[in-house]
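One structure is given here, and the rest of the page talks about it.
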Amino acid sequence: MNKSLKILGVRRISKPASHCAFTDLIADPFDESQSTLLCCYRQATNHVSADGVVVVVTIDKDSFKVRRKTVLSENNADLRDPKFSLNGNRLILTAYAKTQIEGGQVQTQMQSYFSTTGQSWSGKNSFGKNGWWLWNHDWFGSEAYGFAYNQSSNTLSLYKGDPTRTMLLHKNAAFCLNKQGKGYPNESTILFDDEGYASVFLRRDADTFSAQFGTSKPPYTKWNWHDLGIYIGGPATVALSENLYIVAGRHVDWGSHQFTTKIWLFNSKTKTLSELQTLPSGGDTSYPGLVIEGDNLYVSYYSSHIDNEARVYMACLSGVTELTS
């Protein structure tokens with residue numbers, strides 16, 4: 001029997017604005033009642049404008065109503081692709097800052113902020129290497145790991161450290177055109193199990209455009225890669241069990257060039273993806289955030305299927321427990 005998830009509800013959570021996109025989602029670690037989620041996204045004039053700010057909103061799980069809103073901004077910088085992580089009592093938010101400098105040049109730098117309340121945030125901390133986009137990270141013990149990519153080099157490299165301090169190169173060219181023969185690796189989502197076994201889903205935007213699934217054990221200097229055979233943009237994932245993962249991201253129908261945000265079930269033993277649901281979406285869409293609670297899957301994502309305007313949405317789906325049965 002084909003397994004699926006049932007959509008219980010979808011609601012727009014971004015206020016009317018020119019362009020709201022690039023989301024992430026986490027259970028609110030500071031809410032003792034466990035009734036809220038935290039969502040972050042970029043708000044700007046358009047997809048590539050230089051005026052992006054990061055919006056952090058507290059969302060009621062039941063009604064999807066916004067309880068609180070905070071805006072993070074930097075002078076003369078476009079903040080892009082915010083991502084959450086939790087390290088002890090610190091909630092960390094990272095973003096990619098593009099800054100116009102003299103002579104029309106653009107400087108790029110990873111930035112981090114942290115909060116111990118969910119209501120106020122620290123000042124910025126810059127980390128990483130200029131020109132390298134560390135799109136996401138996850139913690140194993142006291143160390144954070146994340147893959148950074150550089151388009152011109154067709155290379156994905158692993159960084160290690162603490163984004164509130166610094167992230168240093170750990171494994172150069174873990175995936176690259178010269179080694180794997182597959183071009184433009186970029187956005188990725190990485191996660192660890194209790195023993196430190198690492199899994200990653202990787203987007204590519206060249207040749208076959210096929211996403212990759214990578215695995216590694218400590219010390220994460222040797223990586224095994226499997227071609228998934230389909231395109232997944234802005235990948236996000238959560239683990240259901242040792243070998244089952246929920247994966248979400250942008251899907252492209254190459255025949256009709258239709259874009260949607262889909263959710264799949266991935267089996268790491270058989271290396272198979274099974275489609276679970278297509279969210280109400282179209283046009284410029286993707287970059288989901290995922291939170292599982294009991295039988296429910298909460299998803300933040302953006303889409304421009306209504307009036308071609310990019311908006312951020314929250315969805316709740318049921319049926320998670322049956323996926324492992």
Side-chain angles (χ1 to χ4, degrees), residues 3 5 24-27 81 83-87 92 94 133-149 155-161 163 167 170-176 179-180 182 185-204 209-251 262-276 286-292 297 299 320 323-324:
K3 295 181 178 180
L5 294 173
D24 198 18
L25 188 68
I26 194 169
D81 292 344
K83 295 289 185 293
F84 286 128
S85 77
L86 187 64
N87 182 28
I92 298 167
T94 59
W133 200 321
L134 203 154
W135 199 73
N136 206 345
H137 69 274
D138 192 21
W139 293 84
F140 181 63
S142 61
E143 300 283 0
Y145 294 85
F147 282 105
Y149 67 92
T155 299
L156 186 85
S157 295
L158 183 65
Y159 281 71
K160 171 186 174 181
M167 298 282 285
H170 181 70
K171 172 60 179 177
N172 186 48
F175 188 102
C176 65
K179 288 182 181 179
Q180 278 75 27
K182 297 171 182 177
N186 51 91
E187 301 161 357
S188 64
T189 180
I190 185 172
L191 71 166
F192 299 89
D193 66 14
D194 292 340
E195 283 71 47
Y197 190 80
S199 300
V200 61
F201 293 87
L202 170 64
R203 169 183 174 178
R204 288 194 317 111
F209 285 73
S210 54
Q212 308 292 304
F213 175 67
T215 56
S216 184
K217 297 178 180 179
Y220 314 116
T221 55
K222 295 182 180 180
W223 287 83
N224 297 311
W225 298 96
H226 175 81
D227 194 298
L228 294 176
I230 67 168
Y231 177 80
I232 304 177
T237 188
V238 285
L240 293 175
S241 65
E242 182 180 355
N243 298 111
L244 291 177
Y245 303 82
I246 288 179
V247 183
R250 178 186 299 137
H251 174 264
K262 287 186 181 290
I263 304 171
W264 297 270
L265 180 67
F266 179 71
N267 187 314
S268 63
K269 280 188 176 181
T270 61
K271 304 295 192 297
T272 54
L273 280 164
S274 306
E275 185 177 328
L276 295 173
S286 180
Y287 292 62
L290 306 175
V291 170
I292 290 177
L297 173 68
V299 185
V320 171
L323 299 179
T324 57

Output, in order, the C-alpha distance, side-chain angles, deciding distance and verdict of side chain to side chain contact (heavy atoms under 4.5 Å, CB included) for Lys182 and Trp225. CA-CA 11 Å; Lys182 297 171 182 177; Trp225 298 96; over 6 Å; no

Would you sort out whether Phe147 and Val200 count as a side chain to side chain contact (heavy atoms under 4.5 Å, CB included), showing the intermediate values? CA-CA 9 Å; Phe147 282 105; Val200 61; 4.0 Å; yes

Side chain to side chain contact (heavy atoms under 4.5 Å, CB included) between Lys271 and Phe213, worked out: CA-CA 8 Å; Lys271 304 295 192 297; Phe213 175 67; 4.1 Å; yes

Derivation and outcome, ring pair (Phe, Tyr, Trp, His ring centres under 6.0 Å), residues Phe201 and Trp264: CA-CA 12 Å; Phe201 293 87; Trp264 297 270; 9.7 Å; no

Would you please test Thr94 and Leu134 for side chain to side chain contact (heavy atoms under 4.5 Å, CB included) and show each step? CA-CA 9 Å; Thr94 59; Leu134 203 154; over 6 Å; no

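Under the 30°/60° scheme for interplanar angles, the aromatic rings of Trp139 and His137 are found to stand perpendicular. Ring pair Tyr145/Phe192 is tilted by interplanar angle, where 30° to 60° counts as tilted.
Between Leu290 and Ile263, every side-chain heavy-atom pair lies at or beyond the 4.5 Å cut-off. His170 is listed as a side-chain neighbour of Thr221, based on a closest heavy-atom distance under 4.5 Å. With a 4.5 Å cut-off on side-chain heavy atoms, Ile246 and Thr237 do not count as touching. Using a 4.5 Å cut-off on side-chain heavy atoms (C-beta onward), Trp135 and Asp81 make contact. Between Tyr287 and Glu187, some side-chain heavy-atom pair lies under the 4.5 Å cut-off. Counting heavy atoms from C-beta outward, Ser216 and Trp223 have side chains that approach closer than 4.5 Å. In this structure, Ile232 and Ile230 have side chains that are in contact, with non-hydrogen atoms separated by less than 4.5 Å. Ile190 has its side chain out of reach of Ser188: every pair of non-hydrogen atoms, C-beta onward, lies at least 4.5 Å apart.
Smallest separation of non-hydrogen atoms from Arg203 and Pro235: CB-CD, 4.1 Å. Among all heavy-atom pairs drawn from Gly234 and Pro288, the shortest one is O-CD, 3.3 Å. The two residues Ala173 and Ser157 come nearest to each other via the heavy atoms N-OG, 2.9 Å. Of all heavy-atom pairs spanning Ala27 and Val291, the tightest one is N-CG2, 3.7 Å. When all heavy atoms are compared, the tightest approach of Phe140 to Asp193 is CE1-O, 3.8 Å. Closest of all the heavy-atom pairs between Tyr149 and Pro185 is CB-O, 3.5 Å.
Within the model, atoms CZ of Phe266 and CG of Asn243 stand 9.5 Å from one another, a figure rounded to the nearest 0.5 Å. Rounding to the nearest 0.5 angstrom, the gap separating the OG1 atom in Thr189 from the CG atom in Asp138 is 7.5 Å. Once rounded to the nearest 0.5 Å, the distance linking OG of Ser268 with NE2 of His226 reads 10.5 Å. Interatomic distance, Leu273 CG to Leu265 CG, rounded to the nearest 0.5 Å: 8.5 Å. Atom CG of residue Leu244 and atom CG of residue Asn267 lie 5.5 Å apart, to the nearest 0.5 angstrom. Once rounded to the nearest 0.5 Å, the distance linking CD of Gln212 with CG of Leu228 reads 6.5 Å.
In this structure, Lys83 contributes its side chain and Asn136 its backbone to no donor-acceptor pair below 3.5 Å. Not a single donor-acceptor pair under 3.5 Å links the side chain of Ser210 to the backbone N or O of Tyr231.
Atom NZ of Lys217 is surrounded by 12 or fewer heavy atoms from other residues, nucleotides or ligands within 6.0 Å.
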